[in-house]
S.K.: 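Once you've had a glance at the structure underneath, I'll fire off some questions.
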Amino acid sequence: MEQRPFGNTGVWVSQLGLGAGELGDRALPDGQAADTLAAVLDAGMTLLDTARGYGESEARIGRFLGPRRKDVVLSTKVGYQVEGRRDWSYAAVALGIDESLRRLQTDWLDIVHLHSCDLETLRRGEAIRALLDARQAGKLRVAAYSGENEALAWAVASGHFQSFQCSVSLCDQRALATLVPQIEAQGGGLLAKRPVANAPWRFDERPYGTYGEEYWYRWHTMARTGDLDPRGLSWQELAVRFVAHLPGVPGAIIGLTQPAHAAENAAYAARGPLPADHVAAIRAAFQQHDEDWLGLT
Ligand SMILES: NC(=O)c1ccc[n+]([C@@H]2O[C@H](COP(=O)([O-])OP(=O)(O)OC[C@H]3O[C@@H](n4cnc5c(N)ncnc54)[C@H](OP(=O)(O)O)[C@@H]3O)[C@@H](O)[C@H]2O)c1
């Protein structure tokens, strides 16, 4: 697994990491969560991305890591759900960070994001100040913003953040046009979230009412016309190789709960970049069908 510099933050990340949202699901047995984390590390992924809002995720990662903490890059997200504190207040961010340190059983966090706060909240400045103060205090190494579209554009232009997290996949390419090059030019880190678009090819029929429905619609729209063409690869391989080798995208965090998926995705990434003309065709397919396909949170 390639290790790459995370912008000019001084942190290095593995090209694929784990999006550990689903690992926080209380319905998922502890053993399966631990097996998934073990499979992720075995496959060479040393980047683990979690959040305060992901149920048991932070605590499970903390319990699992123990002495392996120093071998991984821990990324989390904060800003809300602190008892007695207004969401996005200075205290909600500051106490959220302290709580993440405790749950993850660590003395420092590598990357901490403000988790999808809106433009108005960013402009108020209070949440940003709390994040930067925590960095100054040595609690975290990289101050980051996770979000989309207008708010992401503001965050990138603000100069307050050293790295970003946004949706990038076959089905979510808007950020690639301007924001990704802008982040790269300013030396920022970037994590692609939802990088396999929730693997919509698993569903024969549109999965109405689910989290992945919009991506299924986008994928189906591009694929049924043949404009998005895997050229003999499986859709999963196409998705992984597309996102794992995009310029300006050092790390992509794939969500998984089945341990076998970790090695499978790592093997796809190791096959290297797609041919340049295939990447161009994937970009063209998105642009051709983009019906106001904004970045999805
Ligand atoms: N910052 C934010 O606001 C934000 C928002 C959304 C998501 N995220 C992060 O990104 C993570 C993933 O989000 P996502 O689920 O929308 O997107 P995703 O990573 O594009 O898709 C994850 C899905 O892909 C499946 N999958 C992975 N590898 C596979 C393989 N080799 N073959 C078949 N299926 C495979 C997983 O299935 P199995 O579970 O069966 O392995 C899982 O259901 C979340 O957990 C979270 O950590 C962050």
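In this chain, numbering begins with 1 at the start of the sequence shown. Hydrogens, waters and symmetry mates are skipped; everything else that's a heavy atom, side chains included, is used. All ligand and atom numbering here is 1-based and tracks the order in the structure. Since we're looking at a predicted model, the values are computed, not measured.
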S.K.: Who else is in the cluster with Leu95 when I, L, V, M, F, W and Y are joined by side-chain contacts under 4.5 Å?
M.R.: Val82

S.K.: Which ligand 1 atoms are under 4.0 Å away from a heavy-atom of Ser116?
M.R.: 3 (O)

S.K.: With atom 19 (O) of ligand 1 as the reference point, say which of Gly19, Ala51, Gly255, Ala266 has the nearest heavy atom.
M.R.: Gly255

S.K.: Going by the order shown, which atoms of ligand 1 are within less than 4.0 Å of some heavy atom of Ala199?
M.R.: 24 (O), 34 (N)

S.K.: Should Asn265 be counted as touching ligand 1, given the test is an N or O pair under 3.5 Å?
M.R.: yes

S.K.: For residues 135-147, which residue pairs qualify under salt bridge (charged side-chain N to carboxylate O under 4.0 Å, His left out), counting only residues two or more places apart or in two chains?
M.R.: Asp98-Lys139, Asp110-Arg141

S.K.: Considering heavy atoms of the protein only, find what lies nearest to atom 7 (C) of ligand 1 and give residue, atom and distance to 0.1 Å.
M.R.: Tyr211 OH, 3.3 Å

S.K.: Between Thr50, Asp25, Asn198, Leu296, which one has a non-hydrogen atom sitting closest to atom 18 (P) of ligand 1?
M.R.: Asn198

S.K.: Quick check on Arg85: does its CZ atom have over 12 non-hydrogen neighbours (other residues, nucleotides or ligands) under 6.0 Å away?
M.R.: no

S.K.: Between Tyr211 and Arg194, is any side-chain donor less than 3.5 angstrom from a side-chain acceptor?
M.R.: yes

S.K.: Should the pair Glu126-Arg129 be classified as a salt bridge under the 4.0 Å nitrogen-to-oxygen rule?
M.R.: no

S.K.: Would you mind listing which atoms of ligand 1 come within a distance below 4.0 Å of any non-hydrogen atom of Gln165?
M.R.: 1 (N), 48 (C)

